[in-house]
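Just follow the structure's listing: the first ligand is 1, and inside any ligand the first atom is 1.
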Amino acid sequence: MKVLVVGGGGREHALIKKIKESPKVTQIACCPGNGGISYDAVCYPVSAVDTPAVVELARKIKADFVVVAPDDPLVAGMVDALNAAGFKTFGPNKAAAIIEGSKVYSKNLMQKYNIPTAEYKVFNNPEQAYAYIKEKNEFPAVIKADGLALGKGVIIAENLEEAEAGIHEIMEDKIFGESGNNIVVEEFLTGPEVSVLAFTDGKCVKPMVSSMDHKRALDGDKGLNTGGMGTVSPNPYYTDEIAAECMEKIFLPTIKAMKKEGRTFKGCLYFGLMLTQKGPKVIEYNCRFGDPETQVVLPRLKTDIIDIFEAVNNETLSDLSIEWSDEACACVVLASGGYPKSYKKGFEISGLVNGQANGVVVYHAGTAVENGKLVTSGGRVFGVTALGKNLKEALDKAYSAADKINFDGKHYRKDIGARALKAVN
Ligand code: AMP
Ligand code: GLY
């Protein structure tokens, strides 16, 4: 079987390493991929958002299966185009991907089907949004751009001035373009956050093992929001009891709601949850594997991922039993100096040990091979990942490998998993 993976970050590298384990797979292709992915798959210089070019590539290489990993091509309907051209795919179609593509859509869906989430109001007019926040006078206030915003569309305003500035940037300066035509203003929730990725064929939902992301750039959850600076799995706050509650009140109702709305979701649905005093609530849905959640979840998967992709495609997921290892997994992201703001690229990388010795694997997120040398080429450069018999062991191994890798400006958090470790002990 020839599998094409669309995307080129750490998440895609983790998917490709897992796909490579399948005895059914003879060849893996990736577009555009990156420096590290090129050791595991044949990379083609085709943009992950260029739907006609991806369909053409799938034809050219005679792909048997195409996995679309990033949010933007999913929301734009790449899966629909691939299916129309006769390809088997993993990933939701455009109608279903709206669950991530529009926060207004997902909030209204949750309200309609009684799925627990933060209370909210939608605005298409900046003055009305501002007047509402002023009258409510409850801070922090959470302001979200409706559409995709590279993971940066959420503003937690501590006071009225910050709220006004945020609304202005999103709705008038249009820093996220058309994504800011509408905004959601919602209640600020508190509690531990949990990421749960789930396989679903639209009828049945099989959650993967849980994880915890670390979104802020700096230690102690300080600094700007990023795509994610590190992850651990399992998330110790996510007990079996909470998992059962989430299944009953959130996961199944969401799958059923999407089906009822004529937007059957097939693929990986990401539930971003907050465990509040009043029970688990949905912070956000993503229509895809999380990054860097995938890097700590997939190493624990024991079942052939191709069997899962095919079961989702054929809508026979309920017949498949999915097995997970009991080990813990930790991922430490090494980022370029300046990320998530502007950063320089092209720095030579040293200290990288090849292979998967001792349960350590280095997923490449932003690397390129230039003149035979591996150099940095993105904000997040590596996800240094390790399995261990417990979280402490996984973290020790990941940090010891992370310390050895060097490039100019290398920046990483030293406290990935610290909160999770406290919760375990
Ligand atoms: P998102 O891009 O939707 O994942 O939001 C980024 C981060 O903002 C989340 O991981 C939360 O930490 C925070 N956040 C989003 N919505 C809320 C909320 N209603 N209350 C508190 N924090 C939130
Ligand atoms: N790590 C969060 C996300 O993938 O959106």
Side-chain angles (χ1 to χ4, degrees), residues 7 9-12 14-15 69-72 74-75 97 99-107 110 116-121 133 136 138-158 163 166 170 176 179 183-198 208 210-217 221-233 235 237 268-278 280-298 331 333 335 340 363 365 379-380 383 413 416 419:
R11 162 186 55 204
E12 287 77 7
L15 276 162
D71 50 0
D72 13 7
L74 288 167
V75 169
I99 199 164
E100 173 169 6
S102 168
K103 292 221 190 304
V104 173
Y105 180 85
S106 65
K107 293 299 287 190
M110 287 186 267
T117 188
E119 291 197 18
Y120 73 105
K121 254 180 132 57
I133 291 176
K136 205 149 193 232
E138 275 171 21
F139 295 95
V142 182
I143 301 164
K144 298 186 175 183
D146 176 35
L148 296 181
L150 302 166
K152 294 174 190 160
V154 176
I155 291 169
I156 313 274
E158 299 292 341
I170 295 177
F176 306 121
S179 286
I183 58 168
V184 172
V185 175
E186 69 177 29
E187 167 199 14
F188 180 76
L189 300 176
T190 53
E193 282 186 59
V194 184
S195 302
V196 180
L197 317 181
M208 302 179 215
S210 64
S211 56
M212 181 192 279
D213 193 7
H214 298 69
K215 286 213 167 81
R216 300 294 197 96
D221 289 329
K222 303 249 164 50
L224 294 171
N225 251 323
T226 70
M229 292 298 291
T231 34
V232 295
S233 174
N235 184 321
Y237 293 99
C268 169
L269 184 52
Y270 169 128
F271 297 89
L273 307 170
M274 197 170 267
L275 308 180
T276 75
Q277 294 288 331
K278 292 185 189 158
K281 295 194 180 188
V282 177
I283 290 276
E284 62 162 351
Y285 292 116
N286 291 326
C287 66
R288 52 172 175 84
F289 285 97
D291 188 347
E293 282 89 345
T294 308
Q295 288 87 317
V296 288
V297 169
L298 289 190
C331 170
V333 169
Y363 296 119
R380 290 187 290 179
R413 276 181 64 163
I416 301 302
R419 194 172 171 198

**OP:** Step through the shown structure and confirm whether more than 12 heavy atoms of other residues, nucleotides or ligands are within 6.0 Å of CD on Glu119.
**Re:** no
Original post:
Who's closest to atom 15 (C) of ligand 1 heavy-atom-wise, of Glu284, Lys144, Glu100?
Top reply: Lys144
Subject >> Main-chain N/O of Leu148 paired to Ser179 side chain as donor or acceptor, under 3.5 Å >> reply: yes
Original post:
Looking only at heavy atoms of Phe289, does any of them come nearer than 4.0 Å to an atom of ligand 2?
Top reply: no
Original post:
Within less than 4.0 angstrom of ligand 2, does Arg11 place any heavy atom?
Top reply: no
**OP:** Measure the distance from atom 9 (C) of ligand 1 to every protein heavy atom, then report the residue, atom name and distance (to 0.1 Å) of the closest one.
**Re:** Glu193 OE1, 3.6 Å
Subject >> Nearest-neighbour protein heavy atom for atom 17 (C) of ligand 1, which is reported as residue plus atom name and distance >> reply: Ile283 CD1, 3.6 Å
**OP:** Check each atom of ligand 2 against the heavy atoms of Gly227 and keep those under 4.0 Å away; list them by number with element.
**Re:** 1 (N), 2 (C)
Original post:
Going by the atom numbers of ligand 1, which of them fall below 4.0 Å from some non-hydrogen atom of Phe188?
Top reply: 20 (N), 21 (C), 22 (N)
Subject >> Protein heavy-atom partner closest to atom 13 (C) of ligand 1 - residue, atom, separation in Å >> reply: Ile156 CD1, 4.0 Å
Original post:
Taking distance alone, with no angle check, do Gly228 and ligand 2 share an N/O pair under 3.5 Å?
Top reply: no
**OP:** Enumerate the atoms of ligand 1 whose separation from the nearest heavy atom of Glu186 is less than 4.0 angstrom.
**Re:** 16 (N), 17 (C), 18 (C), 19 (N)
Original post:
Just which atoms of ligand 2 are under 4.0 Å from any heavy atom in Gly290?
Top reply: 4 (O)
Subject >> No-hydrogen, no-angle side-chain donor-acceptor test under 3.5 Å, Lys107 and Thr117 >> reply: yes
**OP:** Mark yes or no for whether Glu100, through its side chain, and Cys287, through its backbone, hold a donor-acceptor pair below 3.5 Å.
**Re:** yes
Original post:
Out of Arg413, Arg419, Lys215, Arg216, which one pairs with Asp221 under the salt bridge (Lys or Arg N to Asp or Glu O under 4.0 Å) rule?
Top reply: Arg413
Original post:
What distance do Glu284 atom CD and Ser195 atom OG have between them, rounded to the nearest 0.5 Å?
Top reply: 8.0 Å
Original post:
Between the side chains of Ser102 and Asp146, does any donor sit under 3.5 Å from an acceptor?
Top reply: yes
**OP:** Mark up the atoms of ligand 2 that fall under 4.0 Å of a heavy atom belonging to Asp213, in ascending order.
**Re:** 1 (N), 2 (C)
Subject >> Within the 6.0 Å centroid threshold, strictly below: Phe271 and Tyr285 >> reply: yes
Original post:
Any nitrogen or oxygen of Glu293, main chain or side chain, under 3.5 Å from a nitrogen or oxygen of ligand 2?
Top reply: yes
Subject >> Closest contact, heavy atoms only, Lys144 versus Glu186 >> reply: NZ-OE2, 3.0 Å
Original post:
Counting heavy atoms only, which part of Lys215 comes closer than 4.0 Å to ligand 1: side chain, backbone, both or neither?
Top reply: side chain
**OP:** Compute whether any side-chain donor of one residue and acceptor of the other, for Glu187 and Tyr120, lie under 3.5 angstrom apart.
**Re:** no
Subject >> Counterpart residues, side chain to side chain donor-acceptor pair (under 3.5 Å), relative to Thr294 (two or more places apart) >> reply: none
**OP:** Check each heavy atom of Thr231 against ligand 2 and say whether those closer than 4.0 Å belong to the side chain, the backbone, both or neither.
**Re:** neither
Subject >> Spatial distance of atom CZ (Arg288) from atom CZ (Arg11) [nearest 0.5 Å] >> reply: 5.5 Å
Subject >> Winner among Leu189, Thr190, Asn225, Val185 once heavy atoms are compared against atom 7 (C) of ligand 1 >> reply: Asn225
Subject >> Test of proximity, Lys215 against ligand 2: N or O pairs below 3.5 Å >> reply: no
**OP:** Would you mind telling me if ligand 2 is within reach of the side chain of Arg288, the backbone, both or neither, using heavy atoms under 4.0 Å?
**Re:** side chain
**OP:** Using a strict cut-off of 4.0 Å, indicate which atoms of ligand 1 neighbour a heavy atom of Val154.
**Re:** 1 (P), 2 (O), 3 (O), 5 (O), 8 (O), 15 (C)
